[in-house]
Structure formats: C-alpha cells, structure tokens
2 protein chains.
Amino acid sequence: MQTAIAKQGRGDVGRVFQALGDPTRRAILDRLSEGPRSVSGLAGPLDITLTAVAQHLAVLQAAGLATTEKVGRVRTCRIEPAGFNAVEQWIADHRSLWTRRLDRLGELLAEDDT
Amino acid sequence: MQTAIAKQGRGDVGRVFQALGDPTRRAILDRLSEGPRSVSGLAGPLDITLTAVAQHLAVLQAAGLATTEKVGRVRTCRIEPAGFNAVEQWIADHRSLWTRRLDRLGELLAEDDT
DNA sequence: CCGATACTGAAGTACATACTTCCCTATCAG
DNA sequence: CTGATAGGGAAGTATGTACTTCAGTATCGG
C-alpha cells in the first residue's frame, strides 16, 4: 500500500476536479471565500439567473466544496475547506511518484551509463 | 500583492481542473506516473480507441500536464509535473483566505457574540 | 518492395452541462 | 391581508465533450 490515493472518505476527486473546472463555480467560491452569502447575493454580480447559481451550488455541494443552510427564506452558503483535501492529497501522492521516478532516472543515468 | 492567484505563467487553472475532471485522463496520468509511454501503450489497458487516447493527450498537453515527442513513428508521452503547480497554488491561496476568515470568525464569536 | 505498425485527420453520434424561461411556494415588511 | 423578496421545480435549448468509425500518411521489419 504505497499509493494512498483513495483516501479522505467519500468525496471522489473526479467530482471535485470537475466542479472546479467551471469558471463560474470558481467565481462563486471566490466570493464565498470572503464569507457566507445568500444565493441571490451570489447571483448579483455574476450576471446569470438565480436558478443557474442554485444549480452550480448543487454541484459544489455534491463535490463537498460548499455547504448551505436555509434559515428563513434565505439560503446561506458557505465554503467547505475540507472538500479540497482530497484534491491536494491526490496531487501530492502523484507528485511523489514522479519525483521518485525522476530521482531513479538520475541514478540510472549515473550508474548504468554506457 | 497578496493574492498571487494569477501566477505560474500561462496555464489557466480552468483548463487543468477540467482536464483532471475526466477519469480516463486521470488514468492516463496514473500510467504516465510510472514512466513514459507510447500512445498505443496507453490505449491498450484503457479499452478505448487509439484516437480517443490521442484526443485526451491533446487535452492534457493543452493543460500543461503532459508533453509528447514523436521520434520515429512512435509518439512518446511524459507527465509534466510543473503543470500541477498552478492548481496547488490556487488551492493554497484560497485556503489561506478561508482560514483567515475562520480565525476572524472565532474572534467575532468571542467578542461580538449575540 | 510490402505488409504490419503507429499514429493522424475529418466527420458523426450520444450524452453531459450550462444555461434559460415559466410557474409555484414560502416568508418577511407594511 | 397584500405585495415584494428569496428561492425551488420542471422542462427546453444550445453548446461541449467523449467517444466512435473510416479513411489516410509515415515508418519499421524482413
């Protein structure tokens, strides 16, 4: 067990990467980074309809990147930092593989040279 | 200059995230992590056509995640570790924002509590 | 030279995704 | 109560994306 790629419980990395692939969703996360917002508060500067924002939020929630809570008639949206762990972990795991590869390559060039 | 989000030269993060969103492309990167491969070498265990793999490789190249070099009639594909820097940077930058937010939140709860 | 190998290009298809509009429900302000 | 505000649900559209097949074009082995 060296490649501990499947970690972090549930969130499959694919969902997260795909969620982050959309510029509008990244914009939403940008705004949420500044603090919690309502759905219409998010929709305002984005120049898309409320419905579209709600759909993006559903994606972000499914990916574990945001949480929402409805209080009165207002749904408050927050960022979910833990959702990013899986992705960072995935990259870190893979990066360690490459570097190991590259180190190995260096050794091979040094000792197994013609 | 605090939010150094637009760094790392060219690669826009969107492309990278989107490229990583596809499971087939992640599988390709997995195999490339073990070392360079030819296009058909990648296609074999993936159960898709050569053409499809070539298209995925085009996406990975556009995202800066892989490089290819054609020698004879064989195109050799390698992973490009630097391509991941932008993404890690993006996450790191944003994470610092949230944690700052959360720290602030803690302070607010302590002094400005209802 | 000749057939197999390793791709490349163009085009087509099926499904996903990012939106929209329209309408309906719950809540708050007066 | 009445109207405005905040959002939810369903459905339609339009573009994108992941594939495929069906041709080619180089290149290598014999």
Side-chain angles (χ1 to χ4, degrees), chain A residues 11-32 34-79 83 87, chain B residues 11-32 35-79 83 87 114:
Chain A
D12 64 291
V13 244
R15 256 178 221 292
V16 182
F17 278 130
Q18 209 170 344
L20 293 174
D22 184 82
T24 306
R25 272 185 304 257
R26 285 198 307 281
I28 289 177
L29 289 177
D30 280 351
R31 310 253 5 255
L32 287 181
E34 304 164 3
R37 305 251 174 183
S38 67
V39 179
S40 43
L42 287 169
L46 281 180
D47 204 51
I48 54 178
T49 60
L50 205 68
T51 307
V53 174
Q55 286 166 351
H56 282 303
L57 281 170
V59 173
L60 290 171
Q61 276 192 97
L65 295 171
T67 61
T68 71
E69 181 198 12
K70 192 163 187 178
V71 170
R73 58 180 167 174
V74 175
R75 178 172 294 277
T76 304
C77 312
R78 292 182 178 77
I79 210 164
V87 170
Chain B
D12 67 291
V13 246
R15 258 178 221 289
V16 182
F17 278 130
Q18 208 170 347
L20 292 174
D22 183 80
T24 305
R25 267 179 317 249
R26 285 198 306 278
I28 290 177
L29 289 177
D30 280 351
R31 309 255 3 258
L32 287 182
R37 305 251 174 183
S38 66
V39 179
S40 42
L42 287 169
L46 280 179
D47 205 50
I48 54 177
T49 61
L50 204 68
T51 308
V53 174
Q55 286 167 353
H56 282 303
L57 281 169
V59 174
L60 290 172
Q61 277 193 95
L65 295 170
T67 60
T68 71
E69 180 198 12
K70 193 163 188 178
V71 170
R73 59 182 164 174
V74 175
R75 177 172 295 277
T76 303
C77 312
R78 291 183 178 76
I79 210 164
V87 170
T114 39

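Labels below follow one simple rule: chain letters A, B, ... track the order of the sequence lines, proteins then strands, and each chain is numbered from 1. Computation of the quantities below employed the complete heavy-atom set of this structure, encompassing side-chain atoms and omitting hydrogens, waters and symmetry-equivalent molecules.
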Looking at [atom1] of [X] and [atom2] of [Y], how far apart are the two atoms once the value is rounded to the nearest 0.5 Å?
X	Y	atom1	atom2	answer
A/Asp12	A/Phe17	CG	CZ	11.0 Å
A/Leu46	A/Ile28	CG	CD1	5.5 Å
B/Leu32	B/Leu42	CG	CG	5.0 Å

Original post:
By salt bridge (charged side-chain N to carboxylate O under 4.0 Å, His left out), which residues pair with B/Arg78, not counting sequence neighbours?
Top reply: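 Partners of B/Arg78 by the salt bridge (charged side-chain N to carboxylate O under 4.0 Å, His left out) criterion, ordered by chain and then number, come out as B/Glu69.
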
**OP:** List for me each residue that meets salt bridge (charged side-chain N to carboxylate O under 4.0 Å, His left out) alongside B/Arg37, sequence neighbours excluded, and say none if there are none.
**Re:**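 For B/Arg37, the residues satisfying salt bridge (charged side-chain N to carboxylate O under 4.0 Å, His left out) (neighbours in sequence not counted) are B/Glu34.
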
Original post:
B/Leu20 versus A/Leu20: any side-chain heavy-atom pair under 4.5 Å?
Top reply: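 Counting from C-beta outward, B/Leu20 and A/Leu20 never come under 4.5 Å.
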
At a cut-off of 3.5 Å, list every protein nitrogen or oxygen paired with a nitrogen or oxygen from nucleotides 17-19 of chain D, distance to 0.1 Å.
from   : atom 1 : to      : atom 2 : distance (Å)
D/dT17 : OP1    : B/Gln18 : NE2    : 2.9
D/dA18 : OP1    : B/Asp22 : OD1    : 3.4
D/dA18 : OP1    : B/Arg25 : NH1    : 3.4
D/dA18 : OP1    : B/Arg25 : NH2    : 3.0
D/dA18 : OP2    : B/Arg25 : NH1    : 3.1
D/dC19 : OP2    : B/His56 : NE2    : 2.4
D/dC19 : N4     : B/Gln55 : OE1    : 3.3
D/dC19 : N4     : B/Gln55 : NE2    : 3.2

Original post:
Angle, rounded to 10°, between the helical axes spanning five pairs at each terminus of the helix from C/dC1-D/dG30 to C/dG30-D/dC1?
Top reply: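 Both end axes considered, the difference amounts to 30°.
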
Mind listing the closest non-hydrogen atom pair of [X] and [Y] along with its distance?
X	Y	answer
B/Ala63	B/Val16	O-CG2, 3.5 Å
B/Pro36	B/Thr76	CB-CG2, 3.8 Å
A/Val74	A/Ser38	CG1-CB, 3.7 Å

**OP:** Return each pair, listed once, that meets side chain to side chain donor-acceptor pair (under 3.5 Å) where at least one residue sits in residues 54-68 of chain A; pairs must be two or more places apart or across chains.
**Re:**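 Sorted pair list: A/Arg25-A/His56, A/Gln61-A/Thr68, A/Thr68-A/Arg75.
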
Short N/O separations, protein against nucleotides 5-8 of chain C, under 3.5 angstrom:
from  : atom 1 : to      : atom 2 : distance (Å)
C/dT5 : O2     : B/Arg73 : NH1    : 2.5
C/dA6 : O3'    : B/Arg73 : O      : 3.2
C/dC7 : OP1    : B/Arg75 : N      : 2.8
C/dC7 : OP1    : B/Arg75 : O      : 3.4
C/dC7 : OP2    : B/Ser40 : N      : 2.8
C/dC7 : OP2    : B/Ser40 : OG     : 2.3
C/dT8 : OP1    : B/Arg75 : NE     : 2.7
C/dT8 : OP1    : B/Arg75 : NH2    : 2.9

